[in-house]
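These numbers come from a predicted model, not from an experiment. Remember, it's 1-based here, ligands and their atoms both numbered in the order they're listed. Residue numbers count from 1 along this sequence.
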Amino acid sequence: PEAITVQELANRMAEKGADLVKELFNLGMMVTVNQTIDQDTAELLVDQFGHNVERVSEADVDINTTEDQDPEETLKPRAPVVAVMGHVDHGKTSLLDALRKTNVTKGEAGGITQHIGAYQITAKDKSKITVLDTPGHAAFTEMRQRGANVTDIVILVVAADDGIMPQTIEAINHAKAANTPIIVAINKIDKPEANAQKIRERLLEHEVIVEAMSGDVQDVEVSATKGTGLDKLVDAINLQAELLELKARPDRAAEATVIEAQLDKGRGPVATVLVTRGTLKRGDTFVVGTESGRVRALIDDNGKQVKEAGPSTPVEVLGLGGVPDAGDQMTVVENEQRAREVAEFRQAKATESRTALAPTNFDTMFNNMQ
Ligand code: GTP
Ligand code: MG
């Protein structure tokens with residue numbers, strides 16, 4: 001059952017804790033400011049102090065971001081977000097590594113690559129591509145189940161010496177279910193036994209019709225280990241991105257999706273987020289899942305501190321109140337009070353659904369008290 005401490009209630013009524021204790025004493029209750037009181041007592045106190053108990057509806061407290069669409073004229077092109085999928089050993093990790101190396105801005109040999117769950121590459125034509133650095137289908141489906149579909153394009157890796165395998169088919173099905181366009185990377189083309197044409201033909205059976213077979217799915221022959229065809233793959237991604245007309249409004253309060261999060265020994269809770277719209281800035285106050293926080297530092301995929309991060313930028317965020325889940329939405333709000341209000345509301349709701357006990361709870365009830 002929900003309860004509230006006398007001090008907490010006092011804070012919410014903007015009264016002195018001691019005054020509440022006195023009033024409770026008059027009501028025949030001996031409590032200190034740190035003790036909790038039940039719902040009826042709290043309601044009685046609120047009444048005594050001349051406040052109104054307002055039951056707050058979800059719509060008043062929580063943030064509904066899906067409803068406010070940004071006007072068309074405020075939208076600017078944003079970088080595509082790609083995920084790499086494919087069968088075991090077909091070269092997903094090798095391709096992720098190879099793509100990272102194609103980055104023209106990170107020329108320095110042996111440079112330290114920070115692992116933050118996603119990275120951005122800058123192609124020769126200065127165009128940017130955000131790559132989710134987690135191969136495999138689990139991340140993709142988990143995120144989707146949580147309503148967070150951040151992937152714009154799926155790179156389907158198929159080893160030319162092996163062909164269509166169970167996880168290839170699984171990846172195709174996931175991409176189709178999510179309505180995410182596929183680019184086929186026919187990998188290991190350097191191998192003597194590689195047969196790209198056979199792959200193209202076999203893909204037909206799974207309704208992936210590549211351009212050479214008169215379809216509209218792009219396919220690129222690559223060798224992740226030799227670095228062959230990577231420029232073509234980048235071109236294919238950019239072409240697909242153009243067709244998708246990916247846009248977001250940069251000049252607004254940021255929204256982002258958590259890619260991964262953990263508790264770091266030295267730095268506290270750390271989350272890698274992908275900004276979906278707006279610009280996330282140092283000092284911003286936010287809610288993420290059931291946590292609130294204030295951006296203490298932003299660290300990019302090179303391990304460098306940055307002041308802000310715009311749409312499609314992956315960035316590590318420090319300054320969270322707790323560790324959120326992958327797929328959680330981060331929303332920047334006006335002030336700390338608002339952030340706490342929403343976070344507390346969500347925590348209360350989470351507790352409520354876990355215990356399925358209390359029909360109302362204090363966090364909700366006293367949120368809007370004047
Ligand atoms: P899992 O994570 O186990 O599913 O594998 P993966 O898809 O990440 O494949 P990974 O990148 O680990 O590559 C598997 C093996 O294939 C490794 O031994 C790679 O060196 C090799 N390999 C990957 N790409 C190529 C390529 O283009 N050519 C050749 N010859 N070998 C490759
Ligand atoms: Mg791998």
Side-chain angles (χ1 to χ4, degrees), residues 81-103 106 109-121 123 129-144 150-178 180-203 206 208 210 212 217-237 259-260 262 272 274 301 314 326:
V81 179
V82 307
V84 172
M85 293 205 218
H87 193 71
V88 179
D89 273 355
H90 278 199
K92 299 177 292 294
T93 304
S94 304
L95 190 64
L96 283 169
D97 290 346
L99 277 173
R100 196 192 271 116
K101 279 183 212 141
T102 64
N103 200 350
K106 288 181 216 164
I112 313 148
T113 328
Q114 179 96 347
H115 175 86
I116 67 162
Y119 60 85
Q120 209 167 41
I121 56 173
I129 296 169
T130 302
V131 185
L132 296 180
D133 203 2
T134 42
H137 315 168
F140 185 79
T141 42
E142 256 170 56
M143 296 274 277
R144 268 214 337 121
V150 291
T151 307
D152 298 310
I153 299 165
V154 164
I155 311 291
L156 180 68
V157 183
V158 188
D161 63 337
D162 199 20
I164 314 297
M165 299 300 277
Q167 277 178 273
T168 316
I169 299 166
E170 208 184 295
I172 292 170
N173 292 337
H174 285 321
K176 287 198 167 172
T180 309
I182 293 172
I183 294 174
V184 182
I186 303 176
N187 192 31
K188 308 199 186 185
I189 205 70
D190 59 290
K191 286 202 161 184
E193 62 270 43
N195 188 341
Q197 191 51 30
K198 198 177 114 202
I199 305 283
R200 293 187 189 97
E201 282 164 19
R202 300 305 300 272
L203 281 169
H206 303 282
V208 176
V210 299
V217 176
Q218 299 187 79
D219 70 278
V220 186
E221 294 182 17
V222 298
S223 166
T225 48
K226 296 256 189 305
T228 323
L230 293 174
D231 286 346
K232 279 194 179 144
L233 180 58
V234 167
D235 289 345
I237 294 167
I259 304 297
E260 57 180 33
Q262 68 275 321
T272 297
L274 187 67
D301 52 353

| Would you say Lys191 and ligand 1 have an N/O pair spaced under 3.5 Å apart? | no
| Distance-only N or O hit between ligand 1 and Ala224, under 3.5 Å | yes
| note | Nearest heavy atom to atom 15 (C) of ligand 1, choosing from Lys92, His90, Lys188, belongs to Lys188
| query | Just distances here: any N/O of Ile189 and N/O of ligand 1 closer than 3.5 Å? | reply | no
| task | Please round to the nearest 0.5 Å and tell me the distance separating atom CG of Leu230 and atom CG of Leu95. | result | 6.5 Å
| query | Between Gln218 and Ala236, which heavy-atom pair has the shortest distance, and what is it? | reply | NE2-O, 2.9 Å
| message | Can a donor-acceptor pair be found, under 3.5 Å and without considering hydrogens, that links the side chain of Asp301 to the backbone of Pro314? | response | no
| note | The reported gap from CD in Glu201 to CG in Asn195 (rounded to nearest 0.5 angstrom) is 8.0 Å
| query | Is it true that Asp235 and Lys232 make a salt bridge, defined as a side-chain N closer than 4.0 Å to a carboxylate O? | reply | no
| query | Does Lys226 reach ligand 1, in the sense of a heavy atom lying below 4.0 Å from it? | reply | no
| task | Name the option, out of Asp89, Val84, Asp190, that contains the heavy atom nearest to atom 14 (C) of ligand 1. | result | Asp89
| Quick one: NE2 on His90 to CD on Gln167, what's the gap to the nearest 0.5 Å? | 9.0 Å
| task | Can you sort out which atoms of ligand 1 are near Thr93, meaning under 4.0 Å from one of its heavy atoms? | result | 2 (O), 6 (P), 8 (O), 11 (O)
| Under 4.0 Å from any heavy atom of His87, which atoms of ligand 1 are there? | 7 (O)
| task | Look at Thr93 and state whether any of its N, O or S atoms is less than 2.8 Å from the Mg ion (ligand 2). | result | yes
| Heavy-atom check, side chain of Ile199 versus side chain of Ile164, under 4.5 Å | yes
| message | Need the ligand 1 atom indices (1-based, order shown) with element for anything under 4.0 Å from a heavy-atom of Ser223. | response | 26 (C), 27 (O), 28 (N)
